[in-house]
K.L.:
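Before anything else, here's the structure in question.
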2 protein chains.
Amino acid sequence: MPAMKRLNSREIADQLRKKIESGEYLPGSVLPSERELIETYGISSATASKVTGLLKSTGLVESQVGRGVFVRRRTQLIRHAHDRYARHWREAGKAPFRAEVEAQGRAARVEVTDIARLVPEKWVNERLALPIGQEVVRRENTYFVDDHAVQIVNTYIPLSIAADTPLEVAVPGPGGIYAAFEQLGHRLTRMLEEVQARMPRTDEAQRLNASPGTPVLDVLHISYDQDETPMDVSHFVLRGDENVLTYELPTD
Amino acid sequence: MPAMKRLNSREIADQLRKKIESGEYLPGSVLPSERELIETYGISSATASKVTGLLKSTGLVESQVGRGVFVRRRTQLIRHAHDRYARHWREAGKAPFRAEVEAQGRAARVEVTDIARLVPEKWVNERLALPIGQEVVRRENTYFVDDHAVQIVNTYIPLSIAADTPLEVAVPGPGGIYAAFEQLGHRLTRMLEEVQARMPRTDEAQRLNASPGTPVLDVLHISYDQDETPMDVSHFVLRGDENVLTYELPTD
DNA sequence: AAGTGGTCTAGACCACTGC
DNA sequence: CAGTGGTCTAGACCACTTA
């Protein structure tokens, strides 16, 4: 047998990645255990651990202690349509998120985990055009698909708008909070979103049940009424591997 | 002295993170070297290396071999305005990317790294409403800020539209390819973008000079003319830590 | 009880930086 | 040449899963 060149963790990870992409290891199947890698490649356990770490960081595999390292099944994507806040959805009373997920034969659920009056971080006040330190209503939501969290949303609404209205109760009525704004006499005219990609904080990774190494989409949503008054700032944190945001852009 | 509880790499990284966030280590300053960590925390070199690895994966610090581990300066964000493809920009002849970057006092540069006719992957044909296997023109671009790459773009255009036109040369004229489409008699009416977050492939991480652990924004852009004919599919890969995409959403 | 991933130690060597 | 991050070895122990 010819003396094999000693491979490093990067090269071994690349080999495995190619085997996965070529279909040699199918989605859901188990990779060679770290003990096997140690023997077949003549490496130490720390290196073997690094190999699986590299594969995990690309989202290609996931590990379960005591069980093994598994090739990830292609997760079904949740598409957030560009008209997801359009009036016809509010009037139909069925949110696009729910429609999309149920069309995939999966169960959608939105849970309002907290509603409170509080002084938010100052960027919230800035976006809401409120003096720093002024109280707002915060609505904290978690979106579930098949009972696992895929999306965390914090919505901040000026107290002057939300105080003692349906916006301070868990279910503000059919059509959600945007329908409630219109019930209160605000006509929504404009919504902006700012999208970034980043790594989750440890608490977010836990809440989203995401293997560390999965990035998140960080979306800041601001809506305005007919007077250009900001109605709400909503901060979305979505699992990057399960969500697609779609937008339409002006050409004129 | 009370016997210190032996800390693991996570806990040590958390301590350092807090010191950075509290300002004890300022942006640009150097963290204790791994040798110092080994001594002060009584850990091994592998653990010390893991500590810095954890901090790097959150984008908080970056390392330079032979020099040290440095607290990242707050990177200035490049905002991609929601009207970035609007006609007035094409007519002004100065792209929003360039305007944004130069307004920050930094140098913008776009390099066309390749133009070729080829048979693309099949998702390209699908989006362009072309038969699988049909040739297209691919334009490969890299966007630089202060001479480091922040954005990779592959634009695919049906051969029937681009063949023997300015779209096959490096500089299709002022206003870029979208102005060129209109010169050729296509009026752009609609543009869609699909946004995802993911980890970069190794070659992308290299090209973007991103420390592995920094996620990217993956954007698919499709534009249509007055007949709903797809004009181009562009695939953007942006550094997640340096770019913000902004969008306006319909409320009606 | 056997096998798994996860984490760690105590060293070693390498390529690189900066004086 | 001393100091740096990066990678590795050859073990060890732990918590967990599966049977």
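Letters A, B, ... mirror the listed sequences (proteins, then strands); counts begin at 1.
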K.L.:
Would you call A:Q104 and A:V145 a side-chain contact if the rule is heavy atoms closer than 4.5 Å?
P.N.:
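No, too far: nothing below the 4.5 Å cut-off.
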
K.L.:
Within this structure, what is the CD-to-P distance between A:E36 and C:dA2, rounded to whole angstrom?
P.N.:
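Nearest whole value for this atom pair: 18 Å.
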
K.L.:
Would you tell me if any nitrogen or oxygen in the side chain of B:S33 comes within less than 4.0 Å of OP1 or OP2 on D:dT4?
P.N.:
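Looking at the OP1 and OP2 atoms of D:dT4, one of them is under 4.0 Å from a side-chain N or O of B:S33.
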
K.L.:
Verify the contact: side-chain N or O of B:K56 to OP1 or OP2 of D:dG6, cut-off strictly under 4.0 Å; return yes or no.
P.N.:
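True: B:K56 side-chain N/O within range (under 4.0 Å) of D:dG6 OP1/OP2.
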
K.L.:
Would one find a side-chain N or O of B:S9 under 4.0 angstrom from OP1 or OP2 of C:dT7?
P.N.:
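So the side-chain polar atoms of B:S9 never come under 4.0 Å of the phosphate oxygens OP1 or OP2 of C:dT7.
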
K.L.:
To the nearest angstrom, how far is A:K50 atom NZ from C:dC8 atom P?
P.N.:
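One finds 14 Å between P of C:dC8 and NZ of A:K50, rounded.
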
K.L.:
Take B:A48 and A:E34, find for each the nucleotide of DNA chain C with the closest heavy atom, and name the residue whose nucleotide sits nearer the 5' end.
P.N.:
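Mapping each residue to its closest nucleotide by heavy atoms, the 5'-most match is A:E34.
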
K.L.:
In terms of ring plane angle, is the pair B:Y143 and B:F97 parallel, tilted or perpendicular, where the classes change at 30° and 60°?
P.N.:
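The rings of B:Y143 and B:F97 stand perpendicular, inter-plane angle above 60°.
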
K.L.:
Side-chain N or O of A:S63 less than 4.0 angstrom from OP1 or OP2 on C:dT4?
P.N.:
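Answer no for this pair, as no side-chain N or O of A:S63 is under 4.0 Å from OP1 or OP2.
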
K.L.:
Output the rounded distance in Å from CG (B:L37) to P (D:dG5).
P.N.:
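It is 8 Å, rounded to the nearest whole Å.
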
K.L.:
Could you tell me how far apart B:L7 (CG) and C:dC8 (P) are, to the nearest whole angstrom?
P.N.:
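From B:L7 CG to C:dC8 P: 10 Å.
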
K.L.:
Nearest whole Å is fine: how far is C:dG6 C1' from A:L55 CG?
P.N.:
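Taking atom C1' of C:dG6 as the reference, CG of A:L55 is at 16 Å.
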
K.L.:
May I have the distance from A:E39 (atom CD) to C:dT4 (atom P), rounded to whole angstrom?
P.N.:
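Atom CD in A:E39 sits about 11 Å away from atom P in C:dT4.
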
K.L.:
Separation of B:F70 atom CZ from D:dT4 atom P, in whole Å?
P.N.:
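Between P of D:dT4 and CZ of B:F70: 11 Å.
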
K.L.:
So if I define the base as every atom that isn't primed, P, OP1 or OP2, how would nucleotides 10-19 of chain C read as a B/S/- string at a heavy-atom cutoff under 4.0 Å?
P.N.:
BBB---BSS-

K.L.:
Aromatic ring centroids of B:H221 and B:Y85 under 6.0 Å?
P.N.:
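They qualify: ring centres under 6.0 Å apart.
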
K.L.:
Who passes salt bridge (Lys or Arg N to Asp or Glu O under 4.0 Å) against B:R198, sequence neighbours left out?
P.N.:
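Testing B:R198 for salt bridge (Lys or Arg N to Asp or Glu O under 4.0 Å), a comparison that skips the adjacent residues, returns B:E204, B:D218.
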
K.L.:
Report the distance from atom CG of A:L31 to atom P of C:dG3, rounded to the nearest whole Å.
P.N.:
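For the pair A:L31 CG and C:dG3 P, the rounded distance is 19 Å.
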
K.L.:
Can you tell me how the ring of B:Y156 sits relative to the ring of B:W123, calling it parallel under 30°, perpendicular over 60° and tilted otherwise?
P.N.:
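Ring orientation of B:Y156 relative to B:W123: perpendicular.
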
K.L.:
Going by the salt bridge (Lys or Arg N to Asp or Glu O under 4.0 Å) test, which pairs reach into residues 27-52 of chain A, not counting sequence neighbours?
P.N.:
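Listed by first then second residue: nothing to list.
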
K.L.:
Would A:Y247 and B:E194 satisfy side-chain hydrogen bond (donor to acceptor under 3.5 Å, both in side chains), going step by step from the backbone distance to the final call?
P.N.:
CA-CA 7 Å; A:Y247 295 98; B:E194 302 178 11; over 6 Å; no

